[in-house]
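Following: one structure in structure tokens, then a few remarks.
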Amino acid sequence: MRRPPEFAAAAVAALALAAVLAAGAGAAPLPAALRLERALPHKGVAVEHLRERDRARHGRRGLLGGGGGVAGVVDFPVEGSANPFMVGLYFTRVKLGSPPKEYFVQIDTGSDILWVACSPCTGCPSSSGLNIQLEFFNPDTSSTSSKIPCSDDRCTAALQTGEAVCQTSDNSPCGYTFTYGDGSGTSGYYVSDTMYFDTVMGNEQTANSSASIVFGCSNSQSGDLTKTDRAVDGIFGFGQHQLSVVSQLNSLGVSPKVFSHCLKGSDNGGGILVLGEIVEPGLVYTPLVPSQPHYNLNLESIVVNGQKLPIDSSLFTTSNTQGTIVDSGTTLAYLADGAYDPFVNAITAAVSPSVRSLVSKGNQCFVTSSSVDSSFPTVSLYFMGGVAMTVKPENYLLQQASIDNNVLWCIGWQRNQGQQITILGDLVLKDKIFVYDLANMRMGWTDYDCSTSVNVTTSSGKNQYVNTGQFDVNGASPRPPYSGLVPAVAVAVALIFGGFSQKTYK
């Protein structure tokens with residue numbers, strides 16, 4: 001869909017918010033949202049589209065394994081942001097093949113496989129609205145590339161978990177097909193080739209390293225994956241299964257069985273991503289639920305403004321149809337159906353008296369001229385072991401529009417309609433360190449300024465580690481800080497978020 005010019009969007013936004021302020025809490029429902037599909041949304045895009053985009057991402061699954069020694073900490077850059085009206089996703093760069101080429105791939109802790117678009121490819125976008133140059137991997141031009149046959153043990157493992165498809169012949173390529181919740185998808189085959197990366201050693205020296213890994217070669221994409229506005233070269237799954245890069249590099253003795261990220265919440269985004277353990281005094285840990293295909297935690301209760309919500313704790317028990325998942329591949333956050341109303345009601349009851357409440361298209365929104373920190377309550381999520389995750393207003397609200405000193409905010413957490421699965425996406429994960437300690441089956445976190453340096457452990461001890469955005473990664477030429485697309489002023493006829501999809505967890 002063609003996007004309106006910025007001056008027109010600004011005018012529409014101002015008129016819509018002015019109407020809200022004049023009409024007060026009893027205002028009539030806002031106009032229908034613009035349908036932007038996968039296009040880059042402006043402030044004020046409809047919530048249902050954010051949900052759709054997250055739903056599309058949730059169709060990914062992974063494979064099992066990994067052990068071995070540790071050589072150092074592997075560093076990846078972070079670009080993109082959590083702001084759904086600028087980017088709504090975080091991505092990194094990987095170097096593959098001989099001679100090596102660089103690829104931009106979305107960081108996704110909710111899936112396991114690294115895959116990139118290959119040449120030739122049906123439906124793959126060739127340009128991106130994210131101001132990045134897209135590339136196509138061609139195994140025929142890489143001197144170190146080889147296709148994985150169905151007879152390969154790695155393909156056999158993938159077949160058992162549904163991550164691979166094979167013909168009757170053992171010599172046929174080991175293929176895959178991933179289908180997403182909105183009907184879009186990708187298919188291709190597995191290849192083995194060289195990945196290049198920076199390794200930070202115990203002596204604080206950075207070494208240029210490489211390893212042979214298995215990844216997906218996508219030769220067909222459909223649905224939203226064909227759109228250009230948010231196009232990247234592929235997906236980088238950080239799951240815990242056998243064919244994830246985390247597991248493969250650990251089994252080769254290249255990196256530890258732990259990875260960490262710190263995603264900046266500012267509009268400029270960026271952050272830190274390492275295969276290694278960030279060590280900070282404020283970190284608290286809770287066990288990962290074992291034998292799960294995703295990073296499941298035992299959520300026990302939710303507290304708003306010091307009051308525990310009246311939710312039966314059994315609603316959060318992990319099963320095939322319930323549980324709490326941490327997923328960087330999801331833009332928003334999704335509460336189990338039975339927990340959503342108590343949460344929204346508690347937030348609404350706890351806001352400052354000066355805040356005006358209104359409901360638009362089923363979403364709770366607020367108009368205020370004060371800062372969100374002084375006007376809205378803090379939320380605490382309590383997990384097994386009594387550890388808490390602090391959720392500030394910026395981690396559950398999204399700014400929709402502003403006029404003069406008044407700002408329209410809406411609750412960004414969504415109802416996971418008809419499901420009892422809670423998903424903590426980028427809206428919650430931003431401005432926090434997260435440590436995925438797979439060796440000890442636990443996850444840790446703490447609030448943190450992700451634009452500053454952190455301490456990361458290596459095989460020989462602790463090292464000072466700076467923000468990955470400040471130096472070159474994988475030997476690539478230095479790039480300017482990520483700027484993305486400058487968002488237009490809010491599109492008021494689409495007052496509630498949109499264009500982002502929710503994965504379907506089964």
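Just so it is clear, the values below take in all heavy atoms, side chains as well, and ignore hydrogens, waters and symmetry mates.
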**Message:** Between Val245 and Met195, is the side chain to side chain contact (heavy atoms under 4.5 Å, CB included) condition met? List the steps.
**Reply:** CA-CA 10 Å; Val245 172; Met195 170 186 275; 4.1 Å; yes
**Asked** Are Glu79 and Arg93 close enough, and set up right, to give a salt bridge (Lys or Arg N to Asp or Glu O under 4.0 Å), and what steps lead you there?
**Response** CA-CA 9 Å; Glu79 301 179 55; Arg93 294 177 260 136; 2.8 Å; yes
**Message:** Under the criterion side chain to side chain contact (heavy atoms under 4.5 Å, CB included), I'd like the reasoning laid out for Tyr334 against Ile421: C-alpha separation, chi angles, the key distance, then a yes or no.
**Reply:** CA-CA 8 Å; Tyr334 294 80; Ile421 292 176; over 6 Å; no
**Asked** Between Asn208 and Tyr196, does a side chain to side chain contact (heavy atoms under 4.5 Å, CB included) hold up when you go through it step by step?
**Response** CA-CA 7 Å; Asn208 294 323; Tyr196 303 85; over 6 Å; no
**Message:** Could you go through Tyr190 and Tyr176, starting from their C-alpha distance and side-chain angles, then the distance that decides it, and tell me whether this counts as ring-ring contact (aromatic ring centres under 6.0 Å, His included)?
**Reply:** CA-CA 8 Å; Tyr190 289 106; Tyr176 65 84; 5.2 Å; yes
**Asked** Given Asn416 and Thr422, is the side chain to side chain contact (heavy atoms under 4.5 Å, CB included) satisfied, shown in steps?
**Response** CA-CA 7 Å; Asn416 202 350; Thr422 295; over 6 Å; no
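Not a single donor-acceptor pair under 3.5 Å links the side chain of Gln419 to the backbone N or O of Asp337. Between the side chain of Thr228 and the backbone N or O of Ser127, no donor-acceptor pair lies under 3.5 Å. The main-chain N or O of Leu130 is never found under 3.5 Å from a side-chain atom of Arg230 such that the two would form a donor-acceptor pair. The closest donor-acceptor contact from the side chain of Trp413 to the backbone of Leu424 lies at 3.5 Å or more, if one exists at all. A donor-acceptor pair is defined here as one N or O able to donate and one able to accept, closer than 3.5 Å; such a pair exists between the side chain of Ser251 and the backbone of Gln248. Not a single donor-acceptor pair under 3.5 Å links the side chain of Ser352 to the backbone N or O of Val355. Side chain of Asp437 to main chain of Asn440: a donor-acceptor pair is present (N/O by atom type, distance under 3.5 Å, no hydrogens or angles). In this structure a side-chain-to-backbone donor-acceptor pair under 3.5 Å is present from Ser374 to Ser371. Here the side chain of Thr330 pairs no donor or acceptor atom with the backbone of Gly425 at under 3.5 angstrom. With Asn296 contributing its side chain and Ile325 its backbone, the two residues share no donor-acceptor pair below 3.5 Å.
Gly185 and Leu225 get closest at one heavy-atom pair: O-CD1, 3.4 Å. Taking all atoms of both residues into account, the shortest heavy-atom contact from Thr286 to Met384 is OG1-O, 2.7 Å. Contact record, Asn305 with Pro377: CB-CB, 3.9 Å, taken as the closest heavy-atom pair. Minimum heavy-atom separation, Ser260 to Ile278: OG-N, 3.1 Å. Contact record, Gln364 with Val344: CB-CG1, 3.7 Å, taken as the closest heavy-atom pair. The shortest non-hydrogen separation linking Ala117 to Gln221 is CB-NE2, 3.9 Å.
Rounding to the nearest 0.5 Å places CD of Gln240 at 10.5 Å from OG1 of Thr109. Atom OG1 of Thr324 is separated from atom CG of Leu381 by 8.5 Å, given to the nearest 0.5 angstrom. Rounded to the nearest 0.5 angstrom, Asn83 CG and Leu398 CG are separated by 7.5 Å. For the atom pair Phe178 CZ and Ser218 OG, the distance stands at 9.5 Å (nearest 0.5 Å). How far OH of Tyr90 is from OG of Ser81: 6.0 Å, rounded to the nearest 0.5 Å. The OH atom of Tyr103 sits 7.5 Å away from the SG atom of Cys118 when rounded to the nearest 0.5 Å.
Counting heavy atoms from C-beta on, the side chains of Leu438 and Tyr295 come closer than 4.5 Å. For the pair Phe376 and Thr368, the minimum side-chain heavy-atom distance is below 4.5 Å. The shortest distance between side-chain heavy atoms of Lys432 and Met389 falls below 4.5 Å. At a threshold of 4.5 Å between non-hydrogen side-chain atoms, the residues Val326 and Met443 count as touching. A heavy-atom distance below 4.5 Å is found between the side chains of Phe104 and Asp233. Ser209 places none of its side-chain heavy atoms less than 4.5 Å from the side chain of Val254. No side-chain heavy atom of Val105 sits less than 4.5 Å from a side-chain heavy atom of Ile235. Residues Pro77 and Thr92 form a side-chain contact, since some pair of their non-hydrogen atoms from C-beta on lies under 4.5 Å apart.
With a 6.0 Å radius and a threshold of 12 heavy atoms from other residues, nucleotides or ligands, Gln307 has its CD atom at or below the threshold. With a 6.0 Å radius and a threshold of 12 heavy atoms from other residues, nucleotides or ligands, Lys392 has its NZ atom at or below the threshold. Atom CG of Asn405 has 12 or fewer heavy atoms from other residues, nucleotides or ligands within 6.0 Å.
Ser291 meets the side chain to side chain donor-acceptor pair (under 3.5 Å) test with no other residue; sequence neighbours excluded. Partners of Ser313 under the side chain to side chain contact (heavy atoms under 4.5 Å, CB included) rule, at least two apart in sequence or in another chain, do not exist in this structure.
Aromatic ring orientation, Phe259 versus Tyr436: parallel (interplanar angle below 30°, classes split at 30° and 60°).
In this structure, a donor-acceptor pair under 3.5 Å is absent between the side chains of Asp449 and Thr452. With hydrogens and angles left out, the side-chain atoms of Ser212 and Ser192 include a donor and acceptor closer than 3.5 Å. A side-chain donor from one of Asp193 and Thr144 sits under 3.5 Å from a side-chain acceptor of the other.
Sorted by first and then second residue, the side chain to side chain donor-acceptor pair (under 3.5 Å) pairs with a member in residues 375-391 form an empty list; sequence neighbours excluded.
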